[in-house]
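In the text below, chain A, chain B and the rest are named by the order of the sequence lines, each starting its count at 1.
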2 protein chains.
Amino acid sequence: MEEKEISQAVVGRLPRYLRYLGELRDEGIERVSSQELSDIMQVTASQIRQDLNTFGGFGQQGYGYNVGYLYDEIGKILGLNREHRLIIVGAGNLGQALVNYTSFERRGFLFRGIFDHDPKVCGKKIRGITVRPMEELADFIREHQIDIAVLTIPKTSAVEVAELLAACGIKGIWNFAHVDLRLPGHIQVENVHLSDSLMKLSYNLSSAAEEM
Amino acid sequence: MEEKEISQAVVGRLPRYLRYLGELRDEGIERVSSQELSDIMQVTASQIRQDLNTFGGFGQQGYGYNVGYLYDEIGKILGLNREHRLIIVGAGNLGQALVNYTSFERRGFLFRGIFDHDPKVCGKKIRGITVRPMEELADFIREHQIDIAVLTIPKTSAVEVAELLAACGIKGIWNFAHVDLRLPGHIQVENVHLSDSLMKLSYNLSSAAEEM
DNA sequence: ACGCTTATGTTAATTTTTTGTCAATTCGCA
DNA sequence: TGCGAATTGACAAAAAATTAACATAAGCGT
């Protein structure tokens with residue numbers, strides 16, 4: 001099905017398009033041109049057209065783009081038209097915070113289970129979901145056909161757990177642990193390295209300070 | 001001081017170099033060549049040399065790089081040699097999770113205050129830090145010389161609060177709210193858009209599935 | 001001390017990404 | 001229905017990022 005290879009740079013911009021299109025739609029706006037979007041989003045109109053054309057001709061010459069249609073199409077490209085079943089591995093503060101984010105559920109990302117190593121938190125309920133011991137992880141993934149595991153555990157155990165998840169047939173890992181996971185290529189890994197992000201900010205602060 | 005413009009692509013890789021160098025250092029390894037790093041990190045040796053040379057000649061021909069020295073130098077480039085004073089704005093799950101991350105403190109990112117709109121959480125203590133009402137925000141920033149504000153509030157109020165922070169003279173904002181902040185250029189903004197990241201993962205899952 | 005080996009720093013080539021341009025198509029109005 | 005304005009999709013150009021190549025400098029062993 002896949003013809004040309006699509007760069008991650010383009011994919012990375014799609015969620016932002018989706019967000020702005022959603023806002024326009026909520027304002028009742030039906031059509032938008034690449035130039036108008038360009039003004040709102042502060043990117044070149046050329047890039048918008050180029051990006052959208054990577055996936056198909058969603059616009060019409062002389063008219064522009066239909067906001068609702070384009071919103072839906074980008075949603076489909078991002079796989080938001082189907083439901084994803086998730087588990088959280090690591091019921092610490094961050095894990096709990098993510099479970100409590102209801103906006104993910106609205107996008108079709110359904111939290112089905114929470115797992116933790118610590119017997120003291122097992123049995124506890126977070127937003128109606130019981131925290132289970134790690135021993136039940138493998139069976140749970142298979143029984144509930146879990147697609148995505150959210151890894152919110154310390155780096156020390158992350159590699160080991162990731163390999164266990166891989167062996168259980170998980171499709172994707174949303175990794176918040178501060179390590180690079182080396183897994184078979186068919187398993188998708190998306191990293192959120194918070195400390196890297198904070199260091200970038202720190203760099204830009206220093207850099208801005210030096211310019212004066 | 002700044003001569004050439006340094007691309008964010010390079011800056012974005014520095015934290016990862018730092019992480020691997022830290023690991024090597026902890027293993028007691030004193031020297032490393034770009035080729036060895038290349039093997040470990042799965043990036044080209046050429047890119048490593050190119051990246052490091054952006055900031056100066058840290059290596060020595062025929063020898064390689066001294067792990068400890070390079071680690072320290074990258075740390076300095078990232079501004080980790082000086083302390084940053086932070087406040088959290090939004091004492092929800094995510095805000096609390098971040099305060100509880102002790103690894104930030106070890107890097108010199110010191111949480112000095114937590115603020116929240118909700119009177120019910122004000123007065124509560126998180127890791128010894130009292131949650132204060134938003135009314136005290138402006139004075140607190142000035143009195144404690146806060147550099148960085150961590151924005152963990154819903155998007156509806158984020159823009160308004162960001163402008164308040166800007167008016168108080170904040171230097172940088174670590175933004176977890178799902179909006180683009182438009183602030184004066186001298187204020188550095190680093191976005192962590194979690195839902196964007198999750199959508200990327202979702203895309204890559206769909207994309208991988210189609211290839212079969 | 002000398003020569004061989006190693007591995008950087010640097011420049012050049014290549015690839016990728018972004019931006020600019022324009023013919024072609026559609027809309028909207030008279 | 002026809003004509004001018006608007007706007008895409010495609011292609012070309014420019015810029016940026018990545019990779020390759022190599023001359024040069026330093027280490028290391030004899």
Side-chain angles (χ1 to χ4, degrees), chain A residues 2-17 20-21 24 29-74 77 200 203-204 207, chain B residues 2-17 20-21 24 29-74 77 200 203-204 207:
Chain A
E2 287 286 88
E3 285 295 338
K4 58 212 156 197
E5 196 58 39
I6 289 160
S7 85
Q8 289 294 308
V10 177
V11 176
R13 284 191 291 265
L14 293 182
R16 186 153 181 266
Y17 292 135
Y20 278 90
L21 288 166
L24 289 174
I29 293 165
E30 280 183 0
R31 72 183 251 193
V32 70
S33 70
S34 61
Q35 188 53 58
E36 288 169 321
L37 258 185
S38 163
D39 295 338
I40 303 170
M41 294 183 65
Q42 320 255 51
V43 291
T44 62
S46 193
Q47 180 164 73
I48 293 171
R49 294 205 298 276
Q50 187 95 323
D51 283 352
L52 298 179
N53 255 99
T54 308
F55 299 96
F58 299 127
Q60 214 163 12
Q61 285 164 329
Y63 174 87
Y65 299 89
N66 179 287
V67 171
Y69 173 69
L70 187 56
Y71 179 88
D72 290 343
E73 288 302 312
I74 293 179
I77 292 165
K200 262 195 285 178
Y203 170 85
N204 285 323
S207 169
Chain B
E2 287 286 88
E3 284 296 337
K4 58 213 156 198
E5 197 58 39
I6 289 160
S7 86
Q8 288 295 307
V10 176
V11 176
R13 283 191 292 265
L14 292 182
R16 187 154 180 265
Y17 292 135
Y20 278 89
L21 288 166
L24 290 174
I29 294 166
E30 279 182 2
R31 74 182 250 194
V32 70
S33 70
S34 59
Q35 187 54 57
E36 288 168 323
L37 258 185
S38 163
D39 294 339
I40 303 170
M41 295 184 64
Q42 320 255 49
V43 291
T44 62
S46 192
Q47 179 163 75
I48 293 170
R49 293 204 298 277
Q50 188 93 321
D51 283 351
L52 297 179
N53 255 100
T54 309
F55 299 96
F58 300 127
Q60 215 163 13
Q61 286 165 329
Y63 175 85
Y65 300 90
N66 178 287
V67 171
Y69 173 69
L70 187 55
Y71 179 88
D72 290 343
E73 288 301 312
I74 293 179
I77 292 166
K200 262 196 285 178
Y203 171 86
N204 286 323
S207 170

Could you state the atom-to-atom distance from [atom1] of [X] to [atom2] of [N] in whole Å?
X       : N      : atom1 : atom2 : result
B/Gln50 : C/dT11 : CD    : C1'   : 9 Å
A/Gln47 : C/dT21 : CD    : C1'   : 17 Å
B/Tyr65 : C/dT6  : OH    : P     : 17 Å
B/Glu36 : C/dA7  : CD    : P     : 7 Å

Hey, is the side chain of [X] pairing donor to acceptor with the base of [N] inside 3.5 Å?
X       : N      : value
B/Ser33 : C/dA7  : no
B/Gln35 : C/dT6  : no
A/Gln61 : D/dT8  : yes
A/Arg49 : C/dT21 : yes

Please confirm whether the shortest side-chain N or O distance from A/Thr44 to OP1 or OP2 of C/dT19 is below 4.0 Å.
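A/Thr44 to C/dT19 OP1/OP2: side-chain N or O found under 4.0 Å.
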Worksheet entry | Residue mapping more 5' on DNA chain C - nearest nucleotide basis, B/Gly62 or A/Gln8 |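 So the residue in question is B/Gly62.
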Identify the pairs formed between an N or O of the protein and an N or O of nucleotides 28-30 of chain D at a distance under 3.5 Å, and give each distance.
unit_1: D/dC28; atom_1: OP1; unit_2: B/Arg31; atom_2: NH1; d: 3.0

- Task: Would you mind telling me which of D/dG9, D/dA20, C/dT18 lies closest to the side-chain atoms of A/Asn53?
- Result: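 Selected nucleotide: D/dG9.
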Q) Does B/Arg16 use its side chain to pair, donor to acceptor, with the backbone of B/Met41 at less than 3.5 Å? A)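 Such a contact is found between B/Arg16 side chain and B/Met41 backbone.
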